[in-house]
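Each remark here refers to the structure printed beneath this line.
Start at 1 and go down the list; that is how both ligands and their atoms are numbered. Being a predicted model, the structure only gives us computed values, none of them experimental.
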Amino acid sequence: MIKEIEQIAEVAGYLWQKGWAERNGGNITVNITGSLSAAYKSSPAVKGPISIGQKLPRLKGCFFYCKGTGKRMRDLSRSPMENGSIIRICDDCEHYEIISDVPVMPTSELPSHLAVHNYLIEHGSPFKASLHTHPIELVALTHSREWLEKDAATNMLWSMIPETKAFCPKGLGMVPYMLPGSVELAKATIDTIDEGYDVVMWEKHGVFAVDTNIIDAFDQVDVLNKAAQIYIAGRNMGFVPEGMTAAQMAEMSKAFNLPK
Ligand code: 13P
Ligand code: ZN
């Protein structure tokens, strides 16, 4: 099994252990074009062509591992090729084919995943992995108008524990509630990534994070959710957490060479 799929299986196990992956909750796609042999790439289609629902010209010649729709992360962690599949984007960039042995239909969030991969390639990004998950505390924050304001959650989360900004220097973007799996949600996700975020909240639903590999994408969400847990722990103890001061944040940003 290629390294990327081993990492996906590892992360799927963490998502289940964290309680972020109820039933079939969450999905993962990784661009594995660079890791497949030429012989494998020319395998006959097991299923398809299937419409993507949009034309994504930058995905020509690309291959992705995709979690299967309705499949459980806890099952994927043990059997990634029975709970996900490898797809090949067709030359028209509007369809894909499944080429792995078990024809598992890809995640319902494929519109967002593939549109984001198309955007990343277009912008010369080294990011190859995208993760959607349902982290409890981060999702809870999006049920309050206060934290949906631009960068309100980012600044609060950064101030909970110094490493948060160091490891998530771009903060947390916000996408207003939209129908799961919709092309509108995909477009809004790209717009928010285009603003400079690599971790995006889907209001009252979950997180969408991109990074070079799936381990790093998971780590970003883990770090941000930990900060949210600290905030909530303070509230549960009956006080509003103070947060690091502006001077402490500025000192930290300078020491770690982070943007202001
Ligand atoms: P899938 O099972 O189709 O991946 O859907 C899970 C999910 O979290 C949708 O937002
Ligand atoms: Zn979801």
Would I50 and Y65 show up in the same hydrophobic cluster when neighbours are defined by side-chain heavy atoms closer than 4.5 Å?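 No, it is not one cluster - the side chains of I50 and Y65 are not joined through contacts under 4.5 Å.
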Determine whether V199 and M160 fall in the same hydrophobic cluster, where Ile, Leu, Val, Met, Phe, Trp and Tyr are linked whenever their side-chain heavy atoms lie under 4.5 Å apart.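 Shared cluster, yes.
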Any atoms of ligand 1 less than 4.0 Å from a non-hydrogen atom of [X]? List them with their elements.
X    : result
H205 : 10 (O)
H132 : 8 (O), 10 (O)
H134 : 8 (O)
G70  : 1 (P), 2 (O), 3 (O)
N24  : 1 (P), 2 (O), 5 (O), 6 (C)
K67  : 1 (P), 2 (O), 4 (O)

Any chance you could lay out the side-chain contact (heavy atoms from CB on, under 4.5 Å) test for D222 and W20, step after step, and finish with the verdict? CA-CA 10 Å; D222 193 27; W20 299 353; 4.0 Å; yes
Within the 4.5 Å heavy-atom criterion, are E82 and L76 side-chain neighbours or not?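 The answer is no; the side chains never approach within 4.5 Å.
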Determine whether W202 and T189 make a side-chain contact, defined as any pair of heavy atoms from C-beta on separated by less than 4.5 Å.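 Yes, at least one pair of side-chain atoms sits under 4.5 Å.
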Taking 4.0 Å as the limit for heavy-atom contacts, which would you say applies to T69 with ligand 1: side chain only, backbone only, both, or neither?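 Under 4.0 Å from ligand 1, T69 contributes backbone and side-chain atoms.
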To check your reading of the model: name the closest protein heavy atom to [atom], its residue, and the distance in Å.
atom                    : answer
atom 5 (O) of ligand 1  : S108 OG, 3.3 Å
atom 10 (O) of ligand 1 : E109 OE2, 2.5 Å
atom 7 (C) of ligand 1  : N27 ND2, 3.4 Å
atom 8 (O) of ligand 1  : G26 N, 2.9 Å
atom 4 (O) of ligand 1  : T107 OG1, 2.7 Å

Check the pair I87 / S85 against side-chain contact (heavy atoms from CB on, under 4.5 Å), numbers first and verdict last. CA-CA 6 Å; I87 64 166; S85 54; 4.3 Å; yes
Is the number of heavy atoms from other residues, nucleotides or ligands within 6.0 Å of CD (E195) greater than 12?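 Yes.
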Taking atom CG as the centre, does D101 end up with more than 12 heavy-atom neighbours from other residues, nucleotides or ligands that are less than 6.0 angstrom away?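 It does not: D101 CG has 12 such atoms or fewer within range.
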Nitrogen or oxygen atoms of G25 and ligand 1 under 3.5 Å apart: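 For ligand 1, there is no N or O atom that lies under 3.5 Å from one belonging to G25.
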Return yes or no for this condition: an N or O of W202 is under 3.5 Å from an N or O of ligand 1.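 Among all N and O atoms of W202, none is under 3.5 Å from an N or O of ligand 1.
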Can you see whether E137 engages N225 through a side-chain donor-acceptor pair at a distance of less than 3.5 angstrom?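 A pair is found: one side chain offers a donor N or O, the other an acceptor, under 3.5 Å apart.
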Matching residue for M201 among V207, L224, L148 - test: side chain to side chain contact (heavy atoms under 4.5 Å, CB included):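 Only match with M201 under side chain to side chain contact (heavy atoms under 4.5 Å, CB included): V207.
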Can you tell me, to 10 degrees, how wide the angle at the Zn ion (ligand 2) is between NE2 on H134 and NE2 on H132?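 H134 NE2 and H132 NE2 form an angle of 100° at the Zn ion (ligand 2).
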